[in-house]
Chemist: 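Structure below; questions to follow.
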Protein chains: 2
Amino acid sequence: MSEIKQSSTNFSNKLALSEECPEAYAANVIGGQWTLVICSWLLSGKLRFGELKKKLPGITERMLTLQLRKLEEHKIITRTVHAEVPPRVEYELTEIGYALKSVISELESWGTSHKKLIG
Amino acid sequence: MSEIKQSSTNFSNKLALSEECPEAYAANVIGGQWTLVICSWLLSGKLRFGELKKKLPGITERMLTLQLRKLEEHKIITRTVHAEVPPRVEYELTEIGYALKSVISELESWGTSHKKLIG
DNA sequence: TTAGGTACTATAAATAATGTAAGTAATGAG
DNA sequence: CTCATTACTTACATTATTTATAGTACCTAA
C-alpha cells in the first residue's frame, strides 16, 4: 500500500484515468479493501482505533493503521489524539468524508439487488 | 486476476465482508482497475472489443479481456458474437449493469467535489 | 500464396496490496 | 520495579493484480 512506483505503467495508467474520469479518481481514493466499511461505520459517529478494530473482524492493526492514514491524507477523516495514558485516538469523518454517505448508500442498494439477482 | 487462493486470509476476509456489507460486496464486484470506466462507456450503448480498446488508452488486450470476462460472469454485461470474418463481438450492459448508472454518477460527483477540495 | 483485420490466449514477469509476528512508548496501578 | 493498556511501528512473507510480449484462428481479398 505504502509503496507505489511512480515509474510503473500501472501508476501512469491510474493517473491518466483519474484525470479524465472522476469516477475512476474516486475509486482510487476510496478503493482500499476496508476503506468503505470503515467510512460506513464512521457515518454514525466518531470511533476510537480499538473500537474500529472490534467492528472489523479480521483486520490487522497494520491494515487498519494504513487505511486510516490514507483516509486522513485524503482529508476524509480527522484524527484526534487525546493526551492521556493509555492513549485515546478518535477518528471522525470530515465534511467531504460524510458526503460519501450517498455513494455508500447507492453501492449498498446496488449490491443488494445484484446479490439477490445472482444468488 | 484469475487465480484466487481460497485458503488465503485475504480471501476469507473478503468473503466475510461481502456477506455482511452490501457495499463491500459491490466493491468486490466492480472493483477492478478498469471496470467502472468500461461500464461508464457502455452506459451510452453497446461497443465492440476494439472500440472499447480505443476508448481506454493504456489498457492491454489481456486486461480488457479479463475485465470483460469478469463483468460477463457477474451478469453485468452480455457478450454477443457475430459470425463474421473478421469477427465482431459486441458488449452491452444488462439491466443490473445499467443500474450501475446511479452508483457511477454518485461516484463522479463525489470525485469531482473531492478533487476540487484537495487538488 | 500471402497479407490483413479482429478478437482473442498463453506464459512470464513486474508491481501492488495484504498478512504475520514481533516490538515500542508512555504512564499509572499495584 | 513490574505489569497492563492503547495505539501504533517495523521487517518480512505471501498473495493478488496488472503489464509485457508473443502467438492463434478465421476467412477474405489481392
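FYI, side chains are in, hydrogens and waters are out, and symmetry mates aren't considered; it's all heavy atoms of this structure. Letters A, B, ... mirror the listed sequences (proteins, then strands); counts begin at 1.
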Chemist: For C:dA17 and A:Gln67 - does any side-chain N or O of the residue sit under 4.0 Å from the phosphate oxygens OP1/OP2?
Modeler: no
Chemist: Ignoring hydrogens and angles, state whether a donor on the side chain of B:Thr78 or B:Glu72 is under 3.5 Å from an acceptor on the partner side chain.
Modeler: no
Chemist: Find the distance A:Lys5:NZ to D:dT18:P and express it as a whole number of Å.
Modeler: 18 Å
Chemist: Would you confirm whether A:Lys115, through its side chain, and B:Ala26, through its main-chain N or O, come within 3.5 Å as a donor-acceptor pair?
Modeler: no
Chemist: Quickly work out the B:Glu90 CD to C:dT6 P distance and round it to whole Å.
Modeler: 14 Å
Chemist: For A:Leu64 and D:dT9, give me the distance from atom CG to atom C1', rounded to whole Å.
Modeler: 14 Å
Chemist: Please determine if a side-chain N or O atom of A:Lys14 lies less than 4.0 Å away from the OP1 or OP2 oxygen of C:dA17.
Modeler: yes
Chemist: Starting from C1' on C:dA7, measure out to CD on B:Glu72 and report it in whole angstrom.
Modeler: 13 Å
Chemist: From the set C:dT15, D:dT19, D:dT17, return the single nucleotide nearest to any side-chain atom of B:Thr60.
Modeler: D:dT19
Chemist: Under 3.5 Å, is there a donor-acceptor pair linking the side chains of B:Thr35 and B:Gln67?
Modeler: yes
Chemist: Using a distance-only criterion (donor-acceptor N/O pair, under 3.5 Å, no hydrogens), is the base of D:dT6 paired with the side chain of A:Arg88?
Modeler: no
Chemist: Answer yes or no: does a side-chain N or O of B:Lys70 lie under 4.0 Å from OP1 or OP2 of D:dT17?
Modeler: no
Chemist: Looking only at side-chain N and O atoms, does B:Ser40 offer a donor or acceptor that is under 3.5 Å from a partner on A:Glu23?
Modeler: yes
Chemist: Should A:Asn10 be listed as having a side-chain N or O under 4.0 Å from OP1 or OP2 of C:dT15?
Modeler: no
Chemist: Quickly work out the A:Leu66 CG to D:dT10 P distance and round it to whole Å.
Modeler: 11 Å
Chemist: Select from A:Arg79 and A:Phe11 the residue whose nearest nucleotide in DNA chain D is closer to the 5' end of that strand.
Modeler: A:Arg79
Chemist: So which nucleotide from C:dG19, C:dA17, C:dA26 ends up closest to the side chain of A:Met63?
Modeler: C:dG19
Chemist: Examine D:dA7: is either OP1 or OP2 under 4.0 Å from a nitrogen or oxygen in the side chain of A:Arg48? Give yes or no.
Modeler: yes
Chemist: Is a donor-acceptor pair below 3.5 Å formed from side chain A:Arg62 to base D:dT9, judging by atom type as modelled?
Modeler: no
Chemist: Counting only side-chain nitrogens and oxygens, does A:Asn13 get under 4.0 Å of the OP1 or OP2 atom of D:dT19?
Modeler: yes
Chemist: Can you tell me which nucleotide in D:dC26, D:dT9, D:dT18 comes closest to the side chain of A:Thr65?
Modeler: D:dT9
Chemist: With a 4.0 Å cutoff (strictly under), does any side-chain N or O of B:Gln6 reach OP1 or OP2 of D:dT15?
Modeler: no
Chemist: Could you tell me the separation between the CD atom of A:Glu84 and the C1' atom of D:dA7, rounded to a whole number of Å?
Modeler: 13 Å
Chemist: Expressed as a whole number of angstroms, how long is the span from B:Arg69:CZ to C:dA10:P?
Modeler: 11 Å
Chemist: With respect to the side chain of A:Ser8, which nucleotide from C:dA7, C:dT15, D:dT19 is positioned closest?
Modeler: C:dT15
Chemist: Could you go step by step and tell me if B:Glu106 and A:Ser102 meet the side chain to side chain donor-acceptor pair (under 3.5 Å) rule?
Modeler: CA-CA 7 Å; B:Glu106 282 300 334; A:Ser102 45; 3.1 Å; yes
Chemist: Would you say C:dT20 has OP1 or OP2 under 4.0 Å from some side-chain N or O of B:Thr9?
Modeler: yes
Chemist: By nearest heavy atom, map B:Ser7 and A:Phe49 onto DNA chain D; which one lands nearer the 5' end?
Modeler: A:Phe49
Chemist: Would you mind reading off the distance between A:Ile30 atom CD1 and C:dA17 atom C1', rounded to a whole angstrom?
Modeler: 17 Å
Chemist: Say whether, by atom type as modelled, one donor and one acceptor occur between the side chain of B:Thr112 and the main chain of B:Glu108 under 3.5 angstrom.
Modeler: yes
Chemist: Need one value for A:Gln33: base, sugar-phosphate or nothing, where a base atom within 4.0 Å counts as base even if backbone is also close, heavy atoms only.
Modeler: sugar-phosphate
